[in-house]
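Here's the structure, in structure tokens; my notes come after.
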2 protein chains.
Amino acid sequence: MSENKVTIADVAREAGVSKGLVSFALNDRPGVSAESRVRILEIAERLGWTPSLRARSLSTRRSFALGLVIARDPEVLGSDPFFPSFIAGVETVLAPQGLALVLSVVPDETTEMRTYRALVSDGRVDGVFLSDLRHNDPRIPLLQELGLPAVTLGRPDTESPFPCISVDDTPGVAETVRYLVSLGHRRIAHVAGSPALLHGSRRRSAFDTALREAGLPAGQSIETDFSVAAGADAARRLLTQDSPPTAIVFANDPMAIAGLGVAHELGLRVPDDVSITGFDDIDFTRYVYPALTTVRTAPSDWGRAAGRTLLDLMEHGTAPDVDLPAGRLVIRGSAGTPVRP
Amino acid sequence: MSENKVTIADVAREAGVSKGLVSFALNDRPGVSAESRVRILEIAERLGWTPSLRARSLSTRRSFALGLVIARDPEVLGSDPFFPSFIAGVETVLAPQGLALVLSVVPDETTEMRTYRALVSDGRVDGVFLSDLRHNDPRIPLLQELGLPAVTLGRPDTESPFPCISVDDTPGVAETVRYLVSLGHRRIAHVAGSPALLHGSRRRSAFDTALREAGLPAGQSIETDFSVAAGADAARRLLTQDSPPTAIVFANDPMAIAGLGVAHELGLRVPDDVSITGFDDIDFTRYVYPALTTVRTAPSDWGRAAGRTLLDLMEHGTAPDVDLPAGRLVIRGSAGTPVRP
DNA sequence: CTGAAAGCGCTTACAG
DNA sequence: CTGAAAGCGCTTACAG
């Protein structure tokens, strides 16, 4: 129990001033003479005083913590390094401010909504990061109703009072498709992410648009839940057809890696028989065989930007949206010229 | 700001009793007549009263939150689904108790130690989960000095006042080696994890022991930091030797998957030319090619057990150690009979 | 069984 | 610029 034994009262007594004045001095507020301020700070330092977060929380009605609630299927969560990187990025901005991150991992949407309510009813957090945006996302009106500041990771498809950090996935998908077309591919399929998630459906429509712009007929798309298992299933379906695609654009890397496995299992050579591309450039991509051609994104940059924006919002009541640079295609060995176009 | 508008004082006024009595009733403490209790609870319910965590925190000196600080390299963190699963397991026991999880991801050990100090000096958490145990782990004496309750994930190699949740990795490694030997392998190598981490060095000595028990000469071991990149490097070194091993036992799955990639890249067939095994049975293992033979562990069980034990400890001041069942070998296609033993 | 009061450790008007 | 006091919303001895 080495928790703050020394309180503001001790400092006040030692300095011969009131607790109020000490508080003012410590919080750098005007109305304290320079010499008093210096003396008070000195005494606080000497006494080893550190503020009681609990007392400050009670009187200021703030919790000095930010929240993140993740409602992904554990399987999808585990195979995708987005959140670890994102969180590491967030922490770089929270830690210096003495703010903590409260994390919830919940199994379903009902629990998720309940969790947000509990978070504000308990006054656990001063703001939250909203990730994995969905169509007509019910969390946005909920948070608005709860009066909880938030920043959304991605641009919502509905009216939103919250600033957003977004990155356009379109250029990365378009670049991927153009690259495949330039290699000679004409039958290109897409293993899409969850259509309920904005980034899932946006990557998909980017794919459709890119094909059209290349003058190709619409390609096959298979919807998944972004999981490795679903990616493998989709790849199997696509590749065991009569006239299989010569290239598959996967909406994320874990599914693409599963696709690589399926191709090998079916005795297909990558990229000779089928080219495979991913999205995100997770660490695995460099070490599978052939190494995965994919689009690089930077989750920790999202984390940093989101953290800064949320702080901004809480401090000033408003904060500008942030557009992160679009991901670029990283060319490796998993895509190449089709042997039988 | 829909935070508790109604306070205990409102309930007391409405019930015509003192705040103290309300508090006693709400906390189910003796010394309140049955009828008073019922009436008070009813009124609280009707008024929509919910306790103020901040006020309770200040007066009880508890934070109603548990902490987890992770000091892994972001790369290793991202490719390993241990923490997502572990955290999901932890949450299943914290959430029903109204406890929150405070998560810190820190870049190095210095920051890590500072983070623990800040956590208790701020009174952020009532206890912590200590993961990735190291040799002579400095966090154990630190937490002891700070008086912070903790549970360790794994059995420390030093005196520890904290209960531990552990699982013996030895049977899994031994089973793996015996299996490989039964297939006819004689030159078996190990790509070990970080020697600084207990589970890294324990898996390694289990490997050494297993070889010895099989009557085989000591095998090659290469130490890594558990990262995918290091796993790939190690595999490359092992497989490009004059007399390469016919089987490689990797200390975790991400490295094994990288090893699979390296083997393919070198033109080696798996398992004909080289057998590969992993550890943990992450989701990817089923979907790479060939599917990975590995040892199944259950991080979410760790999470549940750790959560329960930490609650126990905080409530009773003491809690028994928990031994989780050892992981079993899961046989898939990545290990087989060596073509040239 | 119940009430009145002090206390947790800060912040914040309000006077002067 | 400074002090004295009230308040944040609970819990907890202490009396009765």
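First the proteins, then the strands, lettered A, B, ... as listed; each starts at 1.
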Original post:
Any idea how F83(B) and F86(B) line up, ring-wise: parallel (<30°), tilted (30 to 60°), or perpendicular (>60°)?
Top reply: perpendicular
Quick one: list whatever passes salt bridge (Lys or Arg N to Asp or Glu O under 4.0 Å) with [X], sequence neighbours left out.
X: D28(B); result: R37(B)
X: R72(B); result: D80(B), D132(B)
X: D157(B); result: none
X: R304(B); result: D301(B)

**OP:** Please work out if S36(A) contacts a base, only the sugar-phosphate, or nothing of the nucleic acid, heavy-atom cut-off 4.0 Å.
**Re:** sugar-phosphate
Original post:
What does T60(B) touch in the nucleic acid at a heavy-atom separation under 4.0 angstrom: a base, only the sugar-phosphate, or nothing?
Top reply: sugar-phosphate
Original post:
DNA chain C in dot-bracket, Watson-Crick or G-U pairs under 3.5 Å, [ ] crossing, | other strand?
Top reply: |||.||||||||.|||
Original post:
For R37(A) and L58(B), take the nucleotide of DNA chain D holding the closest heavy atom to each; which residue's nucleotide lies nearer the 5' end?
Top reply: R37(A)
Give the rounded distance in Å between these two atoms: [atom1] of [X] and [atom2] of [N].
X: I40(B); N: dC1(C); atom1: CD1; atom2: C1'; result: 11 Å
X: R62(B); N: dG9(D); atom1: CZ; atom2: P; result: 21 Å
X: D122(A); N: dC8(D); atom1: CG; atom2: P; result: 20 Å
X: N27(B); N: dC10(D); atom1: CG; atom2: P; result: 10 Å
X: R54(B); N: dT11(D); atom1: CZ; atom2: P; result: 15 Å
X: F64(A); N: dG9(C); atom1: CZ; atom2: C1'; result: 13 Å
X: L53(B); N: dC8(C); atom1: CG; atom2: P; result: 20 Å

**OP:** Just jot down the side-chain contact (heavy atoms from CB on, under 4.5 Å) partners of F64(A), sequence neighbours excluded, or say none.
**Re:** L53(A), R56(A), S57(A), T60(A), R62(A), L99(A), R124(B)
Original post:
For P161(B), which residues count as a side-chain contact (heavy atoms from CB on, under 4.5 Å) partner, sequence neighbours excluded?
Top reply: I140(B), Q144(B)
**OP:** Please determine if a side-chain N or O atom of S23(A) lies less than 4.0 Å away from the OP1 or OP2 oxygen of dT11(C).
**Re:** yes
**OP:** Examine dG9(D): is either OP1 or OP2 under 4.0 Å from a nitrogen or oxygen in the side chain of R56(B)? Give yes or no.
**Re:** no
Subject >> Nucleotide nearest R61(B) (side chain, heavy atoms from C-beta), chosen from dT11(D), dC8(C), dC10(C) >> reply: dC8(C)
Please list each protein N or O that sits under 3.5 Å from an N or O in nucleotides 3-5 of chain D, with the distance.
from: dG3(D); atom 1: OP2; to: S18(A); atom 2: N; distance (Å): 3.4

Original post:
Is L66(A) close to V125(A) at the side-chain level, that is, under 4.5 Å between some pair of heavy atoms?
Top reply: no
**OP:** Among residues two or more places apart or on two chains, list those pairs meeting side chain to side chain donor-acceptor pair (under 3.5 Å) that have a residue in residues 90-102 of chain B.
**Re:** none
